[in-house]
Each structure stands twice: as C-alpha cells, then as structure tokens.
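Owing to the predicted nature of the structure, the values given are computational and were not obtained by experimental measurement. Letters A, B, ... mirror the listed sequences (proteins, then strands); counts begin at 1. The figures that follow rest on heavy atoms only: side chains count, while hydrogens, waters and symmetry mates do not.
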2 protein chains.
Amino acid sequence: MDLFVSKYINKIDKKGRVSLPSSFRNVLPKANRNEIILYKSIKTSSIEGCGVGRLKEIAKRINNLDFFSEDYDDFSTSIFSEIITTNIDKEGRFLIPEELKLYAGIKTEAAFFGQGHYFQIWEPKKGLKNTEDSRRRLLNEKKSLRMMLTQQK
Amino acid sequence: MDLFVSKYINKIDKKGRVSLPSSFRNVLPKANRNEIILYKSIKTSSIEGCGVGRLKEIAKRINNLDFFSEDYDDFSTSIFSEIITTNIDKEGRFLIPEELKLYAGIKTEAAFFGQGHYFQIWEPKKGLKNTEDSRRRLLNEKKSLRMMLTQQK
DNA sequence: CATATACCCATTGACGCCCATATAATCCCA
DNA sequence: TGGGATTATATGGGCGTCAATGGGTATATG
C-alpha cells in the first residue's frame, strides 16, 4: 500500500517524541524513509505531513513561475519557509516542533489520520470531531446531490 | 534535503557573527560549503543568499528578460554589482556586511527563511509580518495555495 | 600600529543513537 | 489447526554528539 490510510492515536513521551504509525512509515520511499515534512493545515487546526518527495514536486512547480513576479515570492515564502523537515529516528519516532503543536493544540497525544497522499495530525478530540463534522457534511451534500439528480423537470 | 526550507531565528554576537542554520549549511555543496553569496532583495527589505553555484541560475533568469529593456539593466546592476561573497567559519558562522544589515534593518537577531533554492535574511519582526502578508495575499486573492500543496502528480 | 577577521577552545542544551521492555501480530511446525 | 516461538511495534530512558553561542588570541591588511 502506497497511500496514507486509517487512523492511529500515539503518545508523546517526555522528550516530545511520537511514533509515526508503522503503516505510514512504509508509505515513504525506502530512500528517504528517515525524513518527513510538516506544515500547518490551511483549512483546519491540524498539522499536515508527507514525504519529502512531494516537496520537491512543489519546488519544481514554483520554479516554473515567473521569477520576478510577486506570486513567486508569495509561494516560496508561504511554502518553503513554513515547511519544517523533521527526522525520524531508528525506532520510527520524530519530534513535532513546538510551534506546530501549539497550532494544533496537541499536548500528550497525537492522532494520525491518513489522507491518501498525505496525512494529518490532530489533537485526538478535535480530530474525532472533525471526522464527524465532515461525515455530516458529506451526507448532506449527498442528499442534495441525489435530489438534484432525481428531480425531474 | 537539498532545498532551503523552514525558518530560524539566530543571534548576532558582539563580533557580528551569526550561525547559518545547520540545515542550510547542508544544502551547500560539500565542495563550497564555506562560502555563500549575499545580495539585497529586489522586492523586499531583506537580504537574499545562496551558494555560489546558484549565480549561474540567476544569470540565466536575468538573461531571459528582454535585453534592451530598462529592467535588464536595472536587474543586472542591482544584482550582480551588489553581490557579496562571505566566508563561513569552522563553527558555521559568517558576518553580515554592515551595508546589508542596514538595508534589512537587522541589529541583534537575524531570521532565516528558506525559499527553496535560496534563502532570505530578515529582521525578525519584519520577516514574520512579511510571511503573514504573503500568505494573506495567496489565500485571499489567488486561492491557489491549497492547490499548490495538495495537487497530485 | 590599529582594526577587522579567522582560528581555537569552552559551554549549554537539544537531538540522535543505542539499549531495553511490554504488548501485539505473525509464523511455523508437530 | 492449536499453541508455543519469533518478530514487529509502541514506548521508556541513558548517554554521546552536534548545533548555537560566547570569548581569547593569532594573523592579516591597510
């Protein structure tokens, strides 16, 4: 499986270390299996993460923008300076930077949510609530979608 | 990781020395790991820096501008004639030239912002404000930051 | 000679590496 | 197929190393 899936809740120890779920580690390419990137989620109060490969993709895309445009600066500032790389130790653990923990309200436990090509890290309770909310939204949309489809004029 | 990423705030000591963040040092090729180039940012009141290898890339970018435009002269003058090479000591520190410190308003602390293939040095408060402004522009006006981060392949 | 800069050494705290354990998952063979 | 044996995972803690910082001294450069 080469996608981040499922949900895990792991403890943060006194040193601030937390295990990246084993199944997530296996998604990372064997070459860069000891490094991930983290950044603040744009829409939610969670941390998002993925392997460094995605970052290189992004770098390539930004590099294609006009070098002297304002967009170029805005993207590289908002992305590169906000991204944090963190190393994974031999036991599969890593440190969540203090700034990101504050942003997500994480203290003693971290909830990992697979999101396909990336994953999210939540304070457990907030994460569960977010799951419920998004499920509810989905059901509502489905309802209106079905209405739209079946409604004949 | 071969990109300048993340953000660091380091102190400038009495002698004017400041540590180049360790992760930035590692981006520099092992061959020229004791030398970087610095120049005034064209668009912001910050200092930009990178390894000497990137000079060629900068030259290429400028060359792509219309040769007879005013911009061409302005850019090549502003950049090439103002470039300063600086040595990094065995502890990973370097001196920020007085002129550049004045330009950026830097006094006791320097904030390093990764920008992918180069980095910026800001007076900390100005740098943080710039990050906020930059992010606001992207979120409000373009709405494309999320695409940049989540788009696949 | 005076100032600036490079080199050397020291300190502190953070982080990586190693070892250890408990629990869970998997295996493997009689 | 049952059940003991092996392996993997999550977690805890000791300790050495490295990064950031401070300062003394030699050296260069005008």
Thinking salt bridges, do [X] and [Y] make one under a 4.0 Å N-O criterion?
X        : Y        : result
A:Lys129 : A:Asp133 : yes
A:Glu99  : A:Lys40  : yes
A:Lys60  : A:Glu57  : yes

Give the intermediate values and the outcome of side chain to side chain donor-acceptor pair (under 3.5 Å) for residues B:Tyr103 and B:Ser41.
CA-CA 9 Å; B:Tyr103 177 74; B:Ser41 161; 5.4 Å; no
Establish, from distance only, whether the side-chain atoms of B:Ser23 and B:Tyr8 form a donor-acceptor pair under 3.5 Å.
yes
Gap between atoms [atom1] and [atom2], on [X] and [N] respectively (whole Å):
X       : N      : atom1 : atom2 : value
A:Ile36 : C:dG16 : CD1   : P     : 12 Å
A:Glu98 : C:dC15 : CD    : P     : 10 Å
A:Tyr8  : C:dA24 : OH    : P     : 16 Å
B:Phe24 : D:dA20 : CZ    : P     : 11 Å
A:Ile84 : C:dC15 : CD1   : C1'   : 15 Å
A:Asp13 : C:dC17 : CG    : P     : 16 Å

Indicate for each nucleotide in nucleotides 5-10 of chain C, in 5' to 3' sequence, whether protein heavy atoms under 4.0 Å reach the base (B), only the sugar-phosphate (S), or nothing (-).
SBBBB-
Are any protein N/O atoms closer than 3.5 Å to N/O atoms in nucleotides 17-19 of chain D? If there are, list each pair with its distance.
none

Give a yes/no verdict on a cation-pi contact between A:Lys7 and A:Phe113, requiring under 6.0 Å between NZ or CZ and the six-membered ring centre and an angle within 45° of the axis.
no
Using a cut-off of strictly less than 4.0 Å, decide whether A:Lys14 has a side-chain nitrogen or oxygen near OP1 or OP2 of D:dG13.
yes
Of all heavy-atom pairs between B:Lys126 and B:Ala104, which one has the smallest distance, and what is that distance?
NZ-O, 3.9 Å
How are the rings of B:Phe112 and B:Phe24 set to each other: parallel, tilted or perpendicular (split at 30° and 60°)?
perpendicular
